[in-house]
Amino acid sequence: MRVVHARCGGLDVHKRTVEACVLLTAEDGSLRRYVRTFGTMTGELLALSDWLARLGVGHIALESTGVYWRPVFNLLEGEGRELVLVNPQHVRHLPGRKTDVQDAAWLADLLRHGLLRASFIPPAPIRALRELTRYRKTLVQERTSEVNRLQKTLEGANLKLASVATDVLGVSGRDMLAALLAGEADPEVLAELARGRLRAKLPALRQALTGRVQAHHLLLIGQLLAHIDFLEEGIARLQAEIEASQTTCAAAVDLLQTIPGVGAVTAAAIVAEVGTDMGRFPTAKHLASWAGVCPGNKQSAGKRLSGKTTRGNVWLRAMLGEAAWTIARTRGSYLHAQFHRIARRRGKPKAVVAVAHSVLVVAYHLLRTGRPYEDLGADYFEQRDTARLERYHVRRLEQLGYVVTLAAPPPAE
């Protein structure tokens with residue numbers, strides 16, 4: 001086979017050790033192999049970097065093994081090296097022939113002949129932003145879980161506050177829960193803490209706040225509220241750090257916010273996952289496939305077996321799904337019309353995936369061209385399908401017993 005990289009190496013990364021194999025191809029075609037074992041402490045990884053530099057290795061392959069590849073990648077990138085992170089499923093060794101040294105040698109040999117497909121790894125500033133946005137989303141999910149636990153505890157105490165108030169943790173709800181924790185149990189007094197439009201529901205509030213609160217309920221409510229406050233503080237600190245970390249990609253974040261339904265948080269998450277340089281993805285279809293928001297491709301014997309979407313990037317899929325639901329509730333855009341057009345025929349879940357795909361395709365072109373989003377209009381499909389809509393409405397009227405005669409509108413003066 002043709003040798004693509006004459007001086008390359010493969011790393012089999014584990015929690016405590018890294019097996020390194022270097023293959024050096026001479027001009028006469030002869031091959032020399034060097035194998036060494038290094039630890040994963042910072043000093044030992046620096047020794048690995050020096051060893052690779054002495055051997056003149058410019059191309060290195062390593063598997064994506066949990067989180068253990070990250071410190072190795074971070075310390076070895078730069079210095080003119082090209083690191084190739086590969087999916088372990090793409091480089092499986094033959095059964096019965098697996099050792100750590102053989103795994104490293106197998107990676108090096110595949111890289112030597114150009115048979116590896118690199119995973120997408122954004123630059124270091126984007127990776128830092130990615131860690132912040134992902135952790136923020138984790139805290140938001142934990143806060144949602146705690147709010148649900150609080151609701152469950154209130155139901156257990158027969159306090160039906162959520163049946164009357166839209167937001168249990170709004171200003172009025174917080175005041176009522178604080179008074180409850182302070183020892184106030186009179187429904188009349190608790191209901192009088194309502195503010196704004198909630199005061200129009202005072203009779204219902206009095207009934208909802210008449211419960212059977214036990215001591216353990218109060219303990220749980222206090223603990224849950226304290227944890228929710230702690231999580232909200234953490235989310236606020238992370239959001240401030242995310243905004244401060246957008247100095248290198250602020251223009252891209254602002255550009256993505258021109259898409260209807262994409263706010264600052266979603267735009268930052270999209271940039272953190274895909275970066276700002278779309279040259280890594282040849283087309284928008286490649287990006288959609290990588291993200292997992294397009295139909296899967298599974299065929300055998302000429303038959304289409306499944307069109308289920310792939311797992312893709314679960315963080316990006318989730319943010320695009322949230323944006324799609326926001327678009328579904330926001331009128332006056334092409335994407336909103338697309339959602340309801342598909343939802344009528346195929347259901348809302350498929351409409352969400354379709355709109356998420358459209359949002360990612362739009363984001364790809366915005367980041368590639370640097371131009372803001374231009375909406376096609378909420379009536380785009382109606383203008384495109386005028387004849388079809390005409391036939392549909394005529395048929396529906398005829399089904400109702402009407403005789404329909406169409407006449408062209410008079411010319412405009």
Can you tell me if E184 uses its side chain to pair, donor with acceptor, with the backbone of D186 under 3.5 Å? yes

Over all atoms of both residues, closest heavy-atom pair of P372 and L366: C-CD2, 3.7 Å

Are the charged groups of R174 and D229 less than 4.0 angstrom apart, N to O? yes

When you check the side-chain N and O atoms of H286 and S289, is any donor under 3.5 Å from an acceptor? no

If you define the side chain from C-beta out and look only at heavy atoms, does anything of R112 sit under 4.5 Å from L31? yes

OG1-CG distance between T17 and D100, expressed to the nearest 0.5 angstrom: 6.0 Å

Which residue pairs satisfy the side-chain hydrogen bond (donor to acceptor under 3.5 Å, both in side chains) criterion with at least one member in residues 341-351, sequence neighbours excluded? R341-D385

Results of salt bridge (charged side-chain N to carboxylate O under 4.0 Å, His left out) for E146 - residues two or more places apart only: R149

Does the side chain of I270 come within less than 4.5 Å of V253's, by heavy atoms? no

Strictly by side-chain hydrogen bond (donor to acceptor under 3.5 Å, both in side chains), give each pair with a member in residues 201-219 just once, sequence neighbours left out. E188-R206

Exam field: side chain S245 to backbone L129, donor-acceptor pair closer than 3.5 Å: no

Listing request: all salt bridge (charged side-chain N to carboxylate O under 4.0 Å, His left out) pairs with a residue in residues 126-136, at least two apart in sequence or in separate chains. E77-R127, R130-E273, R134-E273

E19 to A104 - nearest heavy-atom pair and separation: O-CB, 3.5 Å

Qualifying ring pair (Phe, Tyr, Trp, His ring centres under 6.0 Å) pairs, either residue in residues 306-334, two or more places apart: W325-F339, Y334-Y380, Y334-F381

Would you say the side chain of V359 lies within less than 4.5 Å of the side chain of V293, judging by non-hydrogen atoms? no

Other residues, nucleotides and ligands only: do more than 12 of their heavy atoms fall within 6.0 Å of CZ on R331? no

So does Q299 have more than 12 non-hydrogen atoms from other groups sitting under 6.0 Å from CD? yes

To the nearest 0.5 Å, tell me how far F73 CZ sits from L62 CG. 7.5 Å

Flag the pair W290 / L287 as yes when at least one side-chain heavy-atom distance between them is below 4.5 Å, and no otherwise. yes

Closer than 3.5 angstrom, by distance alone: can the side chain of T258 be matched with the main-chain N or O of D254 as a donor-acceptor pair? no

Distance-only, no hydrogens or angles: does the E382 side chain make a donor-acceptor pair with backbone N or O of D379 under 3.5 Å? no

Could you give me the CA-CA distance, side-chain angles and deciding distance for S172 and R199, then say whether side chain to side chain donor-acceptor pair (under 3.5 Å) is met? CA-CA 10 Å; S172 300; R199 293 196 64 82; over 6 Å; no

Parallel under 30°, tilted from 30 to 60°, perpendicular over 60°: which one fits the rings of F230 and H227? parallel

Check whether any side-chain heavy atom of L11 lies under 4.5 Å from a side-chain heavy atom of L107, and answer yes or no. no

With a 4.5 Å cut-off on side-chain heavy atoms, are E155 and K160 touching? yes

Can you list every pair that meets ring pair (Phe, Tyr, Trp, His ring centres under 6.0 Å) and has a residue in residues 26-56, with sequence neighbours left out? F38-W51

Is there side-chain contact between L169 and L150, with at least one heavy-atom pair below 4.5 Å? yes

Under 3.5 Å donor-acceptor, T369 side chain and H365 backbone: yes

Is there a donor-acceptor pair closer than 3.5 Å between any side-chain N or O of H113 and the backbone N or O of V4? no

Between CD1 of I228 and OG1 of T144, what distance do you get to the nearest 0.5 Å? 9.5 Å

In terms of heavy-atom contacts, does CZ of F120 have more than 12 from other residues, nucleotides or ligands at under 6.0 Å? yes

How far apart are the closest heavy atoms of A191 and L205, and which atoms are they? CB-CB, 4.0 Å

Would you confirm whether Y135, through its side chain, and L238, through its main-chain N or O, come within 3.5 Å as a donor-acceptor pair? no

Under a 3.5 Å distance rule, please check whether H340 uses its side chain to pair with a backbone N or O of A328 as donor and acceptor. yes

Is the closest side-chain heavy-atom distance between N297 and T310 below 4.5 Å? no

Minimum heavy-atom distance between A162 and Q151, given as atom pair plus value: CB-OE1, 3.2 Å

Between atom CG of L177 and atom CG of L193, what is the distance when rounded to the nearest 0.5 Å? 10.5 Å

Looking at every heavy atom in both L139 and L231, which two are closest together, and how far apart are they? CD2-CD2, 4.0 Å

How far does CH2 of W106 sit from CG of L115, to the nearest 0.5 angstrom? 8.5 Å

May I ask you to check whether over 12 heavy atoms, not counting those of R33, lie within 6.0 Å of atom CZ? no

Separation between CD1 (I60) and OG (S49), nearest 0.5 Å, reads 7.5 Å

Please find the pair of heavy atoms, one from A288 and one from H357, that lie closest to each other, and give the distance. CB-CD2, 3.5 Å

